[in-house]
Amino acid sequence: MTAVTSHGTADLAVDLAPHNPRELLLRNPFMAASGCFGYGEEYAGVIDIQRLGAFVSKGITPERRAGNAMPRIVETPAGMLNAIGLQNPGIHGFVKKYPTLWDSWAVPAIVNISAEAVDDYAMMAAMLDEQPGIAAIEINVSCPNISRGGYCFGWDAEMSAEVTRAVRGVTTLPIIVKLSPGASDIVSVAIAVEAAGADAISLINTLVGMAIDVRRRRPLLANETGGVSGPAIKPIAVRMVYQVASAVRIPVVGMGGIMSLNDALEFFLAGASAVQIGTGIFVDPGLPIRLIDELSQWLDEEGFSSFNQIVGLANVGFRSGDPHLFRFREASGL
Amino acid sequence: MTAVTSHGTADLAVDLAPHNPRELLLRNPFMAASGCFGYGEEYAGVIDIQRLGAFVSKGITPERRAGNAMPRIVETPAGMLNAIGLQNPGIHGFVKKYPTLWDSWAVPAIVNISAEAVDDYAMMAAMLDEQPGIAAIEINVSCPNISRGGYCFGWDAEMSAEVTRAVRGVTTLPIIVKLSPGASDIVSVAIAVEAAGADAISLINTLVGMAIDVRRRRPLLANETGGVSGPAIKPIAVRMVYQVASAVRIPVVGMGGIMSLNDALEFFLAGASAVQIGTGIFVDPGLPIRLIDELSQWLDEEGFSSFNQIVGLANVGFRSGDPHLFRFREASGL
Amino acid sequence: MRRQLAQVETTGTSREFESQVLAVDHTMGDAILLTVSAPTTVVQRLNSGQFFNVSCRFPGSFDPLLRRPYSVYRAHQQPSSLTFLVRPFGRGSAWLAGRTPGERLEILGPLGNSFVIPPRAQRLLMLAGGVGVAPLVMLSDVAVARGLDVVFVMGAADAAGLLPASELRGPVEYVVATDDGSRGHHGLATEIVGDYVHWADQIYACGPEPMYRTLRTVADTHRINKKPGVQISVERGMACGFGACLGCVVETRRGMIASCVDGPVFDFDEVVF
Amino acid sequence: MRRQLAQVETTGTSREFESQVLAVDHTMGDAILLTVSAPTTVVQRLNSGQFFNVSCRFPGSFDPLLRRPYSVYRAHQQPSSLTFLVRPFGRGSAWLAGRTPGERLEILGPLGNSFVIPPRAQRLLMLAGGVGVAPLVMLSDVAVARGLDVVFVMGAADAAGLLPASELRGPVEYVVATDDGSRGHHGLATEIVGDYVHWADQIYACGPEPMYRTLRTVADTHRINKKPGVQISVERGMACGFGACLGCVVETRRGMIASCVDGPVFDFDEVVF
Ligand SMILES: Cc1cc2nc3c(=O)[nH]c(=O)nc-3n(C[C@H](O)[C@H](O)[C@H](O)COP(=O)(O)OP(=O)(O)OC[C@H]3O[C@@H](n4cnc5c(N)ncnc54)[C@H](O)[C@@H]3O)c2cc1C
Ligand SMILES: Cc1cc2nc3c(=O)[nH]c(=O)nc-3n(C[C@H](O)[C@H](O)[C@H](O)COP(=O)(O)OP(=O)(O)OC[C@H]3O[C@@H](n4cnc5c(N)ncnc54)[C@H](O)[C@@H]3O)c2cc1C
Ligand SMILES: Cc1cc2nc3c(=O)[nH]c(=O)nc-3n(C[C@H](O)[C@H](O)[C@H](O)COP(=O)(O)O)c2cc1C
Ligand SMILES: Cc1cc2nc3c(=O)[nH]c(=O)nc-3n(C[C@H](O)[C@H](O)[C@H](O)COP(=O)(O)O)c2cc1C
Ligand code: FES
Ligand code: FES
């Protein structure tokens, strides 16, 4: 696959798995985020999905899930809460349909996997390794670890690394580990999953939130809590991308509230080699495709010949591998 | 001091330190948040500050601080980022002026203290214990612990408890510990500070965030990172209050993005015995006073004779002291 | 007019367009009729029951963030435009109801499936609860143009909340009920709908969830051999509008179904309340 | 008119009021003059250089969240009102510039200190950069009413960005500069201001930060014994407007000073750039 830019002259291509022989080459750094783009086909008649850098599927689980009761979404200030409950056909139902469909597509398709036990992650990854049409696996570690009393995998560096190692052991597919913003020390988690064999890191998943229905005197979501996404969380996401990008040497994929080229550039300059768009697609389905053209034009105007030149430009410690300096500055001075 | 409600018939009074003989009796559950109300005097000519339930001072540190370079604030979607850098006269400068001034006021004044070492917290608390005009101490644990490489006190249950114990050891003043939302496991921190002698818990402080100036290719804030406040963080705050209120038996003070009575009621129904308003005062200085009257009217309309009756109404596990059930549900099902 | 009843195509034809407010008319209570320009391709392939997702904020603001779905009340060919019935309720609809002619709106659609008039149906009964009247007005227009018989039952809190009879076109029997008895039957619309159930070949309903629960009882009481069929339009909070987020599902006998693509119109007997 | 120069009281008199847009007039470039109603008590105690914090969003929306500060361009007694000069720039000002007469706005103020005309000053030099012209227009009005001599120097990108001469009232010498040379001096306003420095008893400036940096050189070159004094109005992002958040500080020889209460007007020599 060679890089194709439709407008402008700058090279938009980016490899998200430079250390993996199977590589993960994107034509441009704009991806659709997990849970916000179904399995790609939902948007096939709406936008030219083949132009995307890549898309990530809805989270797949070991068994089929009916999802949570309604209501599943609530709007919050400049954002939304969702508690879909991972409604999906399960890995077995999934492999019957999508790998073959995606194999005929030009756009790289990435499968997002969620589980509550390390073995289940590995089981799904092993099944996906044999399938056609799959460009990479994104591991969602924002799940409760049953064997640890439901403590979230993604809050703990060692637990996140364990999942990564297990998946790495069963597949040569590029692996992106998607971090949870609930981790106090996101940098330690990032360093641990890098060491455990992740090809790239994506962040951030939603932050756990809640809204109360004052009239009915109960939480608005049937599930009580949900995940906050959208512009409201952008400053938190940019900060975490900035920190992680200066601490690891593998590519970082940023997301959280991207609604415009300026938002995407914040992530790129902070050190993201690509971005995912989730809630922004709900609000404006044409957004990711439009951003490809806008980025291309911006790079030309600013005199860059390649997208890679802007990654990390605003990040003094970008890929310095020294997380501690930054962590200290962050906690002080607020 | 007896409870006075200016409108309506419902009793709005609340005691935030029911286990402390010095008690912390508020006429109503509306407080001004630290860093958003100066030392009270700034708003003295603007609103009737004496009607507030209480107010919390700007964070005081062991030494005087000039604060960060500019810019110190940036607007974010439905919120703002601040990195003031704790500009304050230091505890010695503070005690020269404010305790005497406040002693002549009817409104309870609470001092917020910040430090980077356990001893410094204790030193400040000991000094405050002897002063007039101080109703309580709010401990801000969202600070880096110098002796632990800058790891934030508030992210760790034991470190937060240590600060609480040290302060408890030197003062009989009511102590409110203000938790950091950066803690992965906020419930453990809450339980630990309760055990260490806190009279009440307040939450949440700001979330660490960042914004990038795309044109200048550097972080917008001179300090790079700052704290996110305002409506954007409300769902996260409500969730944490809900969780903490069901896990501890001491009063919980909620805050984060309150802009209306409905917002305040979300916190009360989630289990907050009082709320603080920060960013909302910037946007609408009359807000906290207006909310007193609106709450009073709402309680009458809904047939409650006392504010205390609504605390925790939407929280099934309110003060059950069983944090684990909830923690599990939270991590699952997103 | 026949073209409006062609088989529904959902996502394949859905698209975003910038629209201009053409007119704002006051109608039932505080609700307004908002007429906005729309591409001819959109207006021509539209079916009754479909809806559009409208941005309810000004450019540069992200609050409120999500688009709001509005059913089509009427579509017009000259000029190519759509009319929505908007009741100011929360912050999105209040913003929308405050627009003035000439202002621009971002609109996405048409979305969703549509009401179906079975080939041999001649007698159509429509049941509207409050602002739920919107999609039934378009459906009624279509039925009248086809020469079908329509009985239109509407319920509202008071007389001001009722659709003015002049808004229904052609020979439609219009029966009303008000909670306060200020016009028509004193009580719920569901209390009078039973009178027409045996007459009707097909029933259509759009209103709040409690209305559907009462309708269930009415239907169970009056229908002997599961006829006539009932089609209802269900209201769910939505995010994407394309079946991608699964935030808007309706529990049916077939499982959790996205109401933005396989709804908002559902076979009443399929839905689990 | 003398009343407008009474000693400034800041927080004690500041208050929030709901205001109505009375007029929107087009002026320099895409900037507008927004005239809004204000209580007489507010208008009467106002001083030139003071500002108001205006909500730039519709009710129910929290984005953009913070109020925007706008200097008073002119105050009117009949009807009691204020005029702001608003240049659509980002999302807040673009929203504000899009308001139409009759709409309501939430306004907080007056805030801040004000320009001071020293007792014996007779010759006032004003230096305006772009939209920074706003507070100097009010100051110029006051000076003219007092019978003082005013030289008003303004710089802008091009002729369209200049304040029309007709907007300055009374006998004011108006000298302009444009970056593109389309009117007046071809270059920066700071390049011609030197000609008047020795003439002036007092200098007032309001414009972007780079203008102040150039002005520093001009002042250092032309001023022999630290006269005339220079008062500048400094622009800082603000949150509270009452000195409570310390988000708007200006670094001065006296330390970090809140520009919302002890500014926006500063003695130029005090400010550390
Ligand atoms: C298919 C369809 C057709 C509709 N047609 C019409 C119509 O013709 N006329 C009309 O006036 N209204 C119609 N609605 C309702 C409309 O979309 C808005 O919900 C309504 O106008 C209130 O929006 P608001 O912004 O004013 O209220 P808000 O203040 O945003 O919301 C009020 C309440 O609605 C719920 N809600 C709103 N949006 C969401 C969401 N995305 N997710 C979860 N819950 C949510 C919440 O419980 C909230 O408390 C339709 C809805 C659907 C689904
Ligand atoms: C005392 C004073 C008087 C002013 N008088 C006028 C006037 O008469 N006419 C006029 O047009 N403008 C005036 N301004 C500027 C005005 O307040 C707005 O900043 C300007 O209109 C741009 O706002 P916006 O919402 O369009 O831009 P935004 O898109 O919100 O902001 C543009 C940029 O401005 C900065 N910014 C804006 N607000 C903040 C904040 N709260 N904190 C930090 N940074 C911020 C940011 O860097 C941002 O990127 C004045 C400002 C001050 C402080
Ligand atoms: C409705 C919805 C469903 C989601 N489902 C998943 C999921 O299944 N797996 C996952 O890793 N992230 C999921 N996410 C998180 C998004 O992929 C993304 O990390 C988050 O929404 C932040 O990006 P945004 O602000 O652009 O939406 C979901 C988000 C939303 C809004
Ligand atoms: C400008 C600013 C300064 C603050 N300073 C402090 C502080 O000194 N100490 C502290 O504990 N919290 C401080 N906070 C946090 C607030 O007290 C509050 O916890 C937070 O802003 C969330 O509430 P809000 O959304 O209502 O503002 C500050 C917040 C802001 C916006
Ligand atoms: S709104 Fe997203 S699936 Fe229906
Ligand atoms: S704006 Fe808060 S101190 Fe000036």
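Residue numbers begin at 1 in each chain, while the letters A, B, ... track the order of the sequences.
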Item checked: Leu220(A)/Ile212(A) under side-chain contact (heavy atoms from CB on, under 4.5 Å): CA gap, chis, key distance, verdict -> CA-CA 5 Å; Leu220(A) 264 162; Ile212(A) 305 277; over 6 Å; no

Check: Would Leu203(B) and Met255(B) satisfy side-chain contact (heavy atoms from CB on, under 4.5 Å), going step by step from the backbone distance to the final call?
Finding: CA-CA 6 Å; Leu203(B) 73 167; Met255(B) 79 195 87; 6.0 Å; no

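Val214(A) touches chain B through backbone and side chain together, each having a heavy atom under 4.5 Å away.
Scanning residues 259-269 of chain B against chain A with a 4.5 Å heavy-atom cutoff picks out Asn262(B), Leu265(B), Glu266(B), Leu269(B), ordered by number.
With chain A as the partner, the residue from Ala183(B), Gly209(B), Gly59(B), Gly67(B) showing the most heavy-atom pairs under 4.5 Å is Gly209(B). The choice from Pro219(B), Gly230(B), Gly79(B) that makes the most heavy-atom pairs within less than 4.5 Å of chain A is Pro219(B). Ranked by non-hydrogen atom pairs under 4.5 Å with chain A, the options Gly35(B), Ala78(B), Ser180(B) are led by Ala78(B).
Scanning all heavy atoms of the two residues, the minimum distance from Ile60(A) to Gly90(A) falls at CG2-C, 3.8 Å.
In this structure, Tyr121(B) and Phe153(B) have perpendicular ring planes: the angle between them is above 60°, well past the 30° mark.
Among residues two or more places apart in sequence or in another chain, the side-chain contact (heavy atoms from CB on, under 4.5 Å) test is passed with Thr279(B) by Met80(B), Ser229(B), Phe282(B), Leu65(D). With sequence neighbours excluded, the residues that form a side-chain contact (heavy atoms from CB on, under 4.5 Å) with Arg216(B) are Asp213(B), Arg218(B).
A salt bridge links Glu302(A) with Arg217(B): the distance from a Lys NZ or Arg NE/NH1/NH2 to an Asp or Glu carboxylate oxygen falls below 4.0 Å.
Applying the salt bridge (charged side-chain N to carboxylate O under 4.0 Å, His left out) test to every pair with at least one member in residues 145-158 of chain B, sequence neighbours left out, gives these pairs: Glu158(B)-Arg165(B).
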